[in-house]
Amino acid sequence: MKLSGVKGMNDVLPAEVGRWQEMEALAREVFALYGYREIRTPVVEPAALFARGVGEATDIVNKEMYVFEDKGDDRLALRPEGTAGTVRAFIEHGAYVDGPQKWFYLGAMFRRERPQRGRYRQFHQIGCEAFGVAEPLLDAEQIALLADYLGRLGVRTTLKLNSVGDGECRPAYLADLRSYLDGHRAALCADCRDRIDRNPLRVLDCKVASCQPVLEAAPRLLDRLCAGCRDHLAAVRAGLDALGVEHRLEPRLVRGLDYYVRTAFEFTSDALGAQAAVAGGGRYDRLVETLGGPPTPGIGFALGAERLALILEAMGRPVPPRGPAVFFVLADPAGATEALRLAGALRRAGVACDLDARAGKLKTQFRQAERAGARFALVLGAAEVASGEGKLKDLATRAETPVRLDELAARLGGPG
Ligand code: AMP
């Protein structure tokens, strides 16, 4: 019986893994520049965490979460996103006593969505969460961090920004929005009609073409913000301007849950087609409290790694090479012994190298060298052993340069 992987869950093969390593290494590097530190939380959490932290009424929790019974009676879930687990850990370890915290994570998330390009059932997010600061300066800094990260990869995106208000201005707006949407019920799709009572903000987010005229004419929260939210938004924009981060106000960009306040943002890319969002985030000043911690403001984002990889691929950005510096081609038994000895010396010096221990035809070994992604090949036989010299063949240009075998490590960039 031939076994295949689970639908919507992908393998990243060695030939492509260089792209992933580049994205991850750069995230660690850039996030550290902004004072963020890595947190690793379990892939499995109590299902109740997501019901409370992501929201019982959301599609993510309602329809898409992988939930299972543990041997006891615990209902567990594969995490559908990273924020809830991070906040759970923040509270559980009492991290709030240490003042503001900036954390980031990288990891697999699971949602039982209909798989398509850019949408998978196991996917990876790279995310940042900052706790303990309500000031708009932090919003601007975090959004700029994400723009910086994407910019270093050469990715061109559009940054959309909005304010979803707060407990002062949103309730009155929601009441108006509800009655407006109610009055146009007949012109809305089934999903929208369903959401009018449960989650009217989310209706604004609907992408169905026939709903657009009604949604475009809907009252805008941006026009109804209280002074606090208006000032906050203005300060975030001023911060972004000062940092040279271009952005566009997008009045219909929403985050559907009650604990989200003020800043909401999204980075989109034309390279992605229908699933255009590469990253999204927002301020969640009431989430820590919702999950049982002390009132602690927070803001975070999550970036989809598969989508970022798709953009990099569409841009034609090469996968960074991860092959060995040199591949030894074994011409005879003396050469094979010397190759093993030299490989040991090179590896001790931190230079990656490899060989095909089958020691077959030279042509086959050269082919293996290319398949391994080696930069150079070096033929070793009795003649090279006797002279202590060989020829380093650049596998891209085919150019050959003589090299002394005892200088190989130094030539190939190792410390020795
Ligand atoms: P969200 O947690 O829904 O705000 O998503 C944040 C980011 O994760 C999105 O902008 C996407 O880039 C990515 N993402 C969300 N769901 C998926 C999925 N099913 N497959 C791949 N990427 C996803």
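The basis for the numbers below is simple: all heavy atoms, side chains too, and nothing from hydrogens, waters or symmetry mates. Worth saying up front: this structure is predicted, and the values here are computed from it rather than measured. Order of listing sets the numbers, starting from 1, for every ligand and every atom in it.
Ligand 1 does not have Glu306 within reach: every non-hydrogen atom of the residue lies 4.0 Å or more from it.
Of the options Arg112, Arg111, Arg195, a salt bridge (charged side-chain N to carboxylate O under 4.0 Å, His left out) to Asp59 is made by Arg195 and by none of the others.
For atom 19 (N) of ligand 1, the closest non-hydrogen atom of the protein is Glu113 OE2, 2.6 Å. From the protein, the heavy atom lying nearest to atom 13 (C) of ligand 1 is Gly304 CA, 3.6 Å. In terms of protein heavy-atom proximity, atom 11 (C) of ligand 1 is closest to Arg307 NH1, 3.3 Å.
Considering both main-chain and side-chain atoms, Ile60 never comes within under 3.5 Å of ligand 1 through any nitrogen or oxygen pair. For ligand 1, the polar-atom distance check against Phe123 finds no nitrogen or oxygen pair separated by under 3.5 Å. Checked against a 3.5 angstrom limit, the closest N/O atoms of Leu303 and ligand 1 fall outside it. At least one N or O atom of Tyr120, backbone or side chain, sits closer than 3.5 Å to an N or O atom of ligand 1.
Across Glu81, Met109, Arg114, Arg111, heavy-atom proximity to atom 3 (O) of ligand 1 is greatest for Arg111.
Looking only at distances, no side-chain donor or acceptor of Tyr36 sits under 3.5 Å from a matching main-chain atom of Gly127. A donor-acceptor contact shorter than 3.5 Å is absent between the side chain of Arg178 and the backbone of Asn199. Side chain of Arg307 to backbone of Ala277: a donor-acceptor contact under 3.5 angstrom is found.
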Determine, step by step, whether Glu38 and Arg40 satisfy the salt bridge (charged side-chain N to carboxylate O under 4.0 Å, His left out) criterion, reporting the C-alpha distance in whole Å, the side-chain angles of both residues, the deciding distance to 0.1 Å, and the verdict.
CA-CA 7 Å; Glu38 184 171 351; Arg40 302 187 186 194; 2.9 Å; yes
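Leu26 and Arg152 get closest at one heavy-atom pair: CD2-CB, 3.8 Å.
Using cut-offs of 30° and 60° on the angle between ring planes, the pair Phe31 and Tyr149 is tilted.
Taking a cut-off of under 4.0 Å to the non-hydrogen atoms of Ala279, the atoms of ligand 1 that pass are 10 (O).
Residue contacts with ligand 1 for Gln125 involve side-chain atoms from C-beta outward but no N, CA, C or O (heavy atoms, distance under 4.0 Å).
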